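Down below is the structure, laid out as C-alpha cells.
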Amino acid sequence: MQRASAILSALAAAAAVLACPGEEHDHVHAYQKREYPQVPLTPPSRPLVWSDVNVIHTTDSHGWLLGHQHLSFPEPNYSGDFGDFASFVTHMKAIAEEKDVDLLLIDTGDLHDGTGLSDGFPPGQVDGHETNKFIMDLPYDVLAIGNHELYDYANTYDMYTNFAPYWNGRYLSSNVNITVYTGNGNETMSVPVGERYVKFKTGKGRSVTSLGILYDFTGNDVNTTVQTVAKMVKEDWFTEAIKEEPDFFLLLGHMPVRYDNWPTVYDAIRKVHKYTPILIFGGHTHIRDCTQFDGRSIALESGRYMETVGWLSANLSGSDTENITFTRRYLDANRVTYEYHTNTSNSTYDTTAGRNITTGLQQLWDTYDLSYLYGTAPQDYTLSRNPYPSNGSVLSLLVTEALPYALMINNTRVNIPNIILVNSGELRYDVFAGDSPLPFADAFLYIPNITLAVAEQVLPGLNDDGDDDRRRSLERAAEREAERYARGDVSVRFNAWLEEMSTRRVRSRADDDNLTLGYVTSDQCPGVGDDTPHIAVPYYSSPDYISSDAPSVSNDTLIDLVFINFIEADVLEILNDVQSDTTYTESDVLSYSPLLASAVLGLYAQEYWN
Ligand SMILES: *[C@@H]1O[C@H](CO)[C@@H](O)[C@H](O)[C@H]1NC(C)=O
Ligand SMILES: *[C@@H]1O[C@H](CO)[C@@H](O)[C@H](O)[C@H]1NC(C)=O
Ligand SMILES: *[C@@H]1O[C@H](CO)[C@@H](O)[C@H](O)[C@H]1NC(C)=O
Ligand SMILES: *[C@@H]1O[C@H](CO)[C@@H](O)[C@H](O)[C@H]1NC(C)=O
Ligand SMILES: *[C@@H]1O[C@H](CO)[C@@H](O)[C@H](O)[C@H]1NC(C)=O
Ligand SMILES: *[C@@H]1O[C@H](CO)[C@@H](O)[C@H](O)[C@H]1NC(C)=O
Ligand SMILES: *[C@@H]1O[C@H](CO)[C@@H](O)[C@H](O)[C@H]1NC(C)=O
Ligand SMILES: *[C@@H]1O[C@H](CO)[C@@H](O)[C@H](O)[C@H]1NC(C)=O
Ligand SMILES: *[C@@H]1O[C@H](CO)[C@@H](O)[C@H](O)[C@H]1NC(C)=O
Ligand SMILES: *[C@@H]1O[C@H](CO)[C@@H](O)[C@H](O)[C@H]1NC(C)=O
Ligand SMILES: *[C@@H]1O[C@H](CO)[C@@H](O)[C@H](O)[C@H]1NC(C)=O
Ligand SMILES: *[C@@H]1O[C@H](CO)[C@@H](O)[C@H](O)[C@H]1NC(C)=O
Ligand SMILES: [Zn+2]
Ligand SMILES: [Zn+2]
C-alpha cells in the first residue's frame, strides 16, 4: 500500500531525530539527552480544580517519550519525559486517594510515528513495539486506538497480539477490526483489535461504560477495517452496550471534538439516556480544544507529542438533571508543571518507577543510536513561525535546496530539467539549530515529457489559484483537502488552530511582556484552559502544495514533473485539467529515485551543514 505508507511517513516527519539503524557512519555523539530543564520554566498560573471524578488525558504522543529536548523556545515547555510523567501520575493518584476521589488515566491513540525512539527500530522489528512497553508501565485505565496504528498491518497485528491483551479488555477499538488467521485451518476472521467497549467500576465504585472510536479514516492498510461512525451507532452491539445506564459514559476516541462525528455518538446515547453524564476525550488533530454538547457532557482534546497533558474534573454528585460543573486544563508537559501540581520539589519529585522509565528510554535511545548527527543546522528552520518562502522556512529549505540536491544524487535524469512538487503537510516539525534534521519517508515519482508551460500550471492548479471557474475550483480544493484528511493529514486543521491563536489578541501588550511563547487556547468550555499563560507563537500560513523553482528553459522544453507519492492522485487530476493533449493515468507515473524522502534532509545536512 503505497498510499498508506505515504501518510505514515508524512506524519513520521515530526521526528526531531533521525535514526540510522544498521548504517556505518563516523558517529558523532555530541547530542546528550537533557534530563532536567535547562532553562528556567514559568510555573502554572493556579492549582488544578479537583472534583469527584478526575481524568488525566494523553493523546497523539507519537513516540515523544523522551520529552522535547531542544533549547529553542517554546520547546523547553515540553521537556518532561515519560518517566517524569509516570512520577506525576503516581503523585496524582496519591492525592486522589487522600481526597477520596476518582482519578482515571486515559489515552486516545497514535502511539508512534514521530520520533526515532518509536520509529528507529532495526529491520525485522515493528514500529512502536519497544515504546509501547513504556506505555504499558503506566496505570492507564482505558486506551483507544489511533489511525497511526493502522497504516501498516504489522503494527495493527502487534497491537492485537501484544498490546491489547496486556490491558485486560481496556484497549478499545469500537469500530476497528483486524483480519487474522484463526484456529487450525487457514481460515481468516475479522475481529476487533481490542474490545469494542468495556464496563467497569472506578476505585470509588462509580459504574462506567466506555467506548474507543476512530474517526472515519480511509488510509488504513489491507486486512484492517474501519467502520464509519454512522454505521457503528446502528450496530446491535452498540445498542446493547449503551442500554444499561452507568454513572457516566467515558467516550474515548481518536476523533477531534469539533467538526467530526462525536455528535453522532452523543445523539445516539442521549436518545436513550437524557441526563447521564458523558465525558468525551478526543484526539487526532493535535490541537487543544474543548466543547460541550449540553450542560451534562464535555468533550476535550489534549494536543500532541507529549507537549500537552489534559486534565478534566467533573462534579457528579450534584443534581441528576442540572448542569454539571466541569473544569479542564491543558498542562504544559514539563517537570515544573508536574512539581507545581503535586506539591513536590526537584528533589522529592522522582519515583523509582519514573526514574526507571527514563533510564529505559535512554537505553533505547542508545540502542537505536539516535545520537548520530548528520550535520548541525546553522539556524532554526520553522514550519510556520517564518513566512514561506523565506530563509527561515523549513519548507523553503526543502523545496529550493534539499530536494533539488538530494534527488539528483546518482540519478540518471540529472540532466533533464524538472519541477518538484510536495504537499506542505508532508513536513511535521521544525528543524532546530544545533540539532539533527527531520525524517520523512516517502517515495518520489515523476511523469516525463511534460512541457514547462504545462508543468508550471500544476502548482497553481493544486493550490487552487489558477482556475477561472473559482467556485468549481474551490469545491475541488475542498474535496482534495477532505480526502487528505480522511487519509490522515491533519495539517489544515492544525494550522488553522495556530493561525487563529496568533491573530487573536486576548491580552494587552503590557501583560504580554511577561509571558512566554506557547499555545493560547480559546475553546468553547468555561473557565481557564491553558495551565500556563503564554503568548502565541507567530504564525505564517503556507500554501497546501509547494514546489521547487521552475528551471530557466523555454516554455516548450520537455521536463520531468517530479512529485511525492502522497499527492499522485491530485497531480494527475490537475495535470489533466490544465492540458487536454494527453490523458495521464497512473501508468504514466514512474519512480524517480530510489531515495526515500526520509533521507533527503540527512543527505543535505551531511553535504552542507558539516
Ligand atoms: C459537588 O457539588 C455538590 C453539589 O453542588 C457540592 O455539595 C460538592 O461540594 C461538590 N463537590 C466538589 C468536589 O466540588
Ligand atoms: C515556555 O517557553 C518559554 C519561551 O517562550 C520559556 O521562557 C518559558 O519558561 C516556558 N514556560 C514553561 C512553563 O515551560
Ligand atoms: C494452510 O496453508 C499452508 C500454506 O499456505 C498449507 O501448507 C497448509 O496445508 C494449509 N492448511 C490447511 C489446514 O488448509
Ligand atoms: C468486526 O469483527 C466482528 C467480530 O468478528 C464482526 O462481527 C464484524 O462484522 C466486524 N466488523 C467489520 C466492520 O468488519
Ligand atoms: C489479507 O488477508 C488475506 C486472508 O484473509 C490474505 O490472503 C491476503 O494475502 C492478505 N493481504 C495482504 C495484502 O496482506
Ligand atoms: C447549562 O449548560 C448549557 C450548555 O453549556 C448552557 O447552554 C445553559 O445555559 C446552562 N444552563 C444553566 C442553567 O446554567
Ligand atoms: C534537579 O535535580 C537534578 C539532579 O540532582 C539537577 O541536575 C538539576 O539541576 C536540578 N534542577 C533544578 C531546577 O534544581
Ligand atoms: C524497570 O524497567 C524495566 C524495563 O525497562 C522493567 O523490566 C522493570 O520491571 C522495571 N523495574 C521497576 C522497579 O520498575
Ligand atoms: C551513489 O552512488 C555511490 C556509488 O555507487 C554510492 O556510494 C552512494 O551511496 C550513492 N548515494 C546515494 C545517496 O544513493
Ligand atoms: C519522452 O520523449 C522522448 C523524446 O521526445 C522519447 O524518446 C521518450 O520515449 C518519451 N518518454 C515517454 C515516457 O514518453
Ligand atoms: C510561457 O507560458 C506561460 C504560461 O503558459 C505564459 O504566460 C508565457 O507567456 C509563455 N512564455 C512564452 C515566451 O511563450
Ligand atoms: C512582570 O514580572 C515582574 C517580575 O516578576 C513583575 O514585577 C511585574 O509585575 C510583571 N508585570 C506584569 C505586567 O505582570
Ligand atoms: Zn496524531
Ligand atoms: Zn491521528
Side-chain angles (χ1 to χ4, degrees), residues 1-5 8 46-55 92 95-104 126 144-145 147 149-161 164 169 171-198 202-206 211-241 247-248 261 275 277 279 295-296 298 311-329 526-527:
M1 274 207 96
Q2 190 174 58
R3 216 14 49 101
S5 64
L8 178 141
R46 66 204 80 196
L48 295 172
V49 178
W50 286 76
S51 202
D52 42 33
V53 172
N54 307 278
V55 184
M92 292 291 276
I95 294 171
E97 201 57 43
E98 203 177 284
K99 292 182 184 290
D100 198 30
V101 296
D102 277 318
L103 174 63
L104 299 171
V126 178
I145 200 165
N147 60 307
E149 277 74 65
L150 302 175
Y151 281 115
D152 180 353
Y153 181 83
N155 284 142
T156 319
Y157 191 71
D158 189 43
M159 300 314 273
Y160 172 74
T161 45
Y171 185 64
L172 303 179
S173 65
S174 304
N175 57 339
V176 181
N177 274 16
I178 180 170
T179 303
V180 291
Y181 287 97
T182 57
N184 306 320
N186 287 340
E187 279 144 51
T188 62
M189 205 176 151
S190 175
V191 294
V193 179
E195 294 298 322
R196 283 166 159 167
Y197 68 94
V198 62
T202 65
K204 297 294 154 213
R206 292 184 174 84
L211 289 97
I213 301 159
L214 182 63
Y215 86 106
D216 291 353
F217 173 56
T218 61
N220 55 306
D221 204 354
V222 179
N223 288 341
T224 70
T225 320
V226 181
Q227 185 181 41
T228 64
V229 175
K231 280 192 181 140
M232 181 198 75
V233 300
K234 301 218 162 68
E235 292 273 2
D236 290 343
W237 72 259
F238 180 87
T239 308
E240 194 55 36
D247 288 327
F248 64 96
N261 285 311
Y275 293 113
L279 275 49
R296 294 182 63 79
I298 193 162
W311 167 263
L312 185 101
S313 76
N315 184 342
L316 301 189
S317 37
S319 121
D320 286 344
T321 53
E322 279 163 30
N323 283 359
I324 292 170
T325 302
F326 294 106
T327 74
R328 56 78 187 76
R329 200 77 69 77

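Positions are given from 1 along the sequence. Counting starts at 1 for both ligands and their atoms, in listed order. Note that the structure is a prediction, hence the values are computed from the model and not measured.
- Two residues are said to be in side-chain contact when any heavy atoms from C-beta on lie closer than 4.5 Å; Tyr171 and Tyr160 fail this criterion.
- Between Asn315 and ligand 1, at least one N/O pair is under 3.5 Å apart.
- In summary, the atoms of ligand 1 found under 4.0 Å from a heavy atom of Ser317, numbered by their order in the structure, are 1 (C).
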Which is it for Lys204 and Asp52 under the salt bridge (charged side-chain N to carboxylate O under 4.0 Å, His left out) test, yes or no, and what are the steps along the way? CA-CA 9 Å; Lys204 297 294 154 213; Asp52 42 33; over 6 Å; no
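- Atoms of ligand 5 found under 4.0 Å from any heavy atom of Val222 (numbered from 1 in listed order, with element): 11 (N), 12 (C), 13 (C).
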Result block: side-chain N/O donor-acceptor pairs under 3.5 angstrom for residues 222-234, not counting sequence neighbours:
residue, atom, partner, partner atom, Å
Thr224, OG1, Asn220, ND2, 3.0
Thr224, OG1, Asp221, O, 2.8
Gln227, NE2, Glu235, OE2, 2.5
Thr228, OG1, Lys231, N, 3.2

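- Qualifying salt bridge (Lys or Arg N to Asp or Glu O under 4.0 Å) partners for Arg328, counting only residues two or more places apart in sequence or in other chains: Asp523.
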What short N/O contacts, under 3.5 Å, does ligand 4 make with the protein, listed by atom pair and distance?
residue, atom, partner, partner atom, Å
ligand 4, 2 (O), Asn177, ND2, 2.3
ligand 4, 2 (O), Ser190, O, 2.9
ligand 4, 5 (O), Ser190, O, 2.5
ligand 4, 11 (N), Asn177, ND2, 3.0
ligand 4, 14 (O), Asn177, ND2, 3.3
ligand 4, 14 (O), Ser190, OG, 3.4

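- Ring pair Phe217/Tyr151 is perpendicular by interplanar angle, where above 60° counts as perpendicular and below 30° as parallel.
- Using a 30° and 60° split on the angle between ring planes, Tyr153 and Tyr157 fall in the parallel class, below 30°.
- Judged purely by distance below 3.5 Å, without hydrogens or angles, the side chains of Thr179 and Asn177 never pair a donor atom with an acceptor atom.
- Which parts of ligand 5 touch Thr188 is read off a 4.0 Å heavy-atom cut-off, strictly below it: atoms 4 (C), 5 (O).
- The salt bridge (Lys or Arg N to Asp or Glu O under 4.0 Å) check on Asp236 picks up nothing, with sequence neighbours excluded.
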